[in-house]
Amino acid sequence: GAGVSQSPSNKVTEKGKDVELRCDPISGHTALYWYRQSLGQGLEFLIYFQGNSAPDKSGLPSDRFSAERTGGSVSTLTIQRTQQEDSAVYLCASSSRQQSNYGYTFGSGTRLTVV
Amino acid sequence: GENVEQHPSTLSVQEGDSAVIKCTYSDSASNYFPWYKQELGKRPQLIIDIRSNVGEKKDQRIAVTLNKTAKHFSLHITETQPEDSAVYFCAASSASKIIFGSGTRLSIRP
C-alpha cells in the first residue's frame, strides 16, 4: 500500500476484555515495529519484527501483550485482560531495511481507551 | 540498552528566532540519529537524520549536529515559522530498534 495502515483508528473497550490491533505495513517492507505513546508522552518501544520473526520483544510490558506477523506482512498486537493503564495510542512503523538505522514510516495509530 | 535524554521538554520562541533541542544517548554503538516531528493528533514524521560518520547535516532551515565523543546531538531550526509548532523527538539506533527521547513541545510565538 501507499503507507502504513492501522486499524481500528479508535477502540474503546471494557477493562478485562481482550483487544486486537492490526498493522498493514508498506508493501515490501521487511521490518515492522510497534510503539506505544501515552498521552503527552514519548514513544515507548514494544516489539520489532524482521519478516515473521521477532528478534526483539524486550519492550512488551507484560505477558498480557503479544504480537505476531504472518506472511511477512500484516501484524497483530493483542492485549489480553486489558487494564486502564493500557490506554494509549499504539503506533506501528515499517522500514525497508533489515536494520533500524534507516528512518521508519509510521502509521496513524490506534487510540485505545480502556474504561 | 540505549537510553536517550532530551531537553528541554517545552520551548517557546519568537517567530523568526532560532530553536535548539538537545539530546544525549548512552550506547556508544548507536550509529543513526533521526529526528521526528509530530503535530497534534498526527503521526510522527521523519524530518532529518544523521549517521555517525558525519558531524553535521543541514536541510534548508533545519540542521543537526552530532558529537560522538560526548554522545550529544542537537536539532537547530532557524527562522522559525508558525508551522514549526509541534512536538519534536530525537532518537538513537544501533541494530534492532530506534529508541526515542521524551519529546520537546515547541511553540512559536507570533
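To find a chain, count down the sequence lines: A is the first, B the second, and so on, and within it residues start at 1.
A:L46 and A:V89 fall into different hydrophobic clusters, where Ile, Leu, Val, Met, Phe, Trp and Tyr side chains are chained together by heavy-atom contacts under 4.5 Å. A:Y48 and A:L60 fall into different hydrophobic clusters, where Ile, Leu, Val, Met, Phe, Trp and Tyr side chains are chained together by heavy-atom contacts under 4.5 Å. B:L75 and B:V54 end up in the same hydrophobic cluster when Ile, Leu, Val, Met, Phe, Trp and Tyr side chains are linked at under 4.5 Å.
Between the CZ atom of A:F106 and the CG atom of B:L46 there is a distance of 9.5 Å, given to the nearest 0.5 Å.
For a residue to count as touching a neighbouring chain, one of its non-hydrogen atoms must lie under 4.5 Å from one of that chain's; by this rule A:Q37 touches chain B with the side chain only. Looking at A:T105, neither its backbone nor its side chain comes within 4.5 Å of chain B, counting heavy atoms on both sides. Proximity to chain B is limited to the side chain of A:L91, based on heavy atoms less than 4.5 angstrom apart. Neither the backbone nor the side chain of B:P34 has a heavy atom closer than 4.5 Å to any heavy atom of chain A. Proximity to chain A (any heavy atom under 4.5 Å) is restricted, for B:Q38, to the side chain, taken from C-beta onward.
Environment of CD in B:Q14: crowded, with over 12 heavy atoms of neighbouring residues, nucleotides or ligands closer than 6.0 Å. Residue A:E85 places its CD atom among more than 12 non-hydrogen atoms of other residues, nucleotides or ligands, all under 6.0 Å distant. Under a cut-off of 6.0 angstrom, the local environment of NZ in B:K71 is crowded, with over 12 non-hydrogen atoms contributed by other residues, nucleotides or ligands. The neighbour count for A:Q83 CD, taken as heavy atoms of other residues, nucleotides or ligands under 6.0 Å away, is above 12.
Looking only at distances, a side-chain donor or acceptor of B:Y36 sits under 3.5 Å from a matching main-chain atom of A:Y104.
For B:K97 and A:F45, the positive end sits near the middle of the six-membered ring, less than 6.0 Å away and at most 45° from its axis.
In this structure, the ring of A:Y35 has its center less than 6.0 angstrom from the ring center of B:F100.
Minimum interatomic distance between A:S108 and B:R43 (heavy atoms only, all atoms of both residues): OG-NH2, 2.5 Å.
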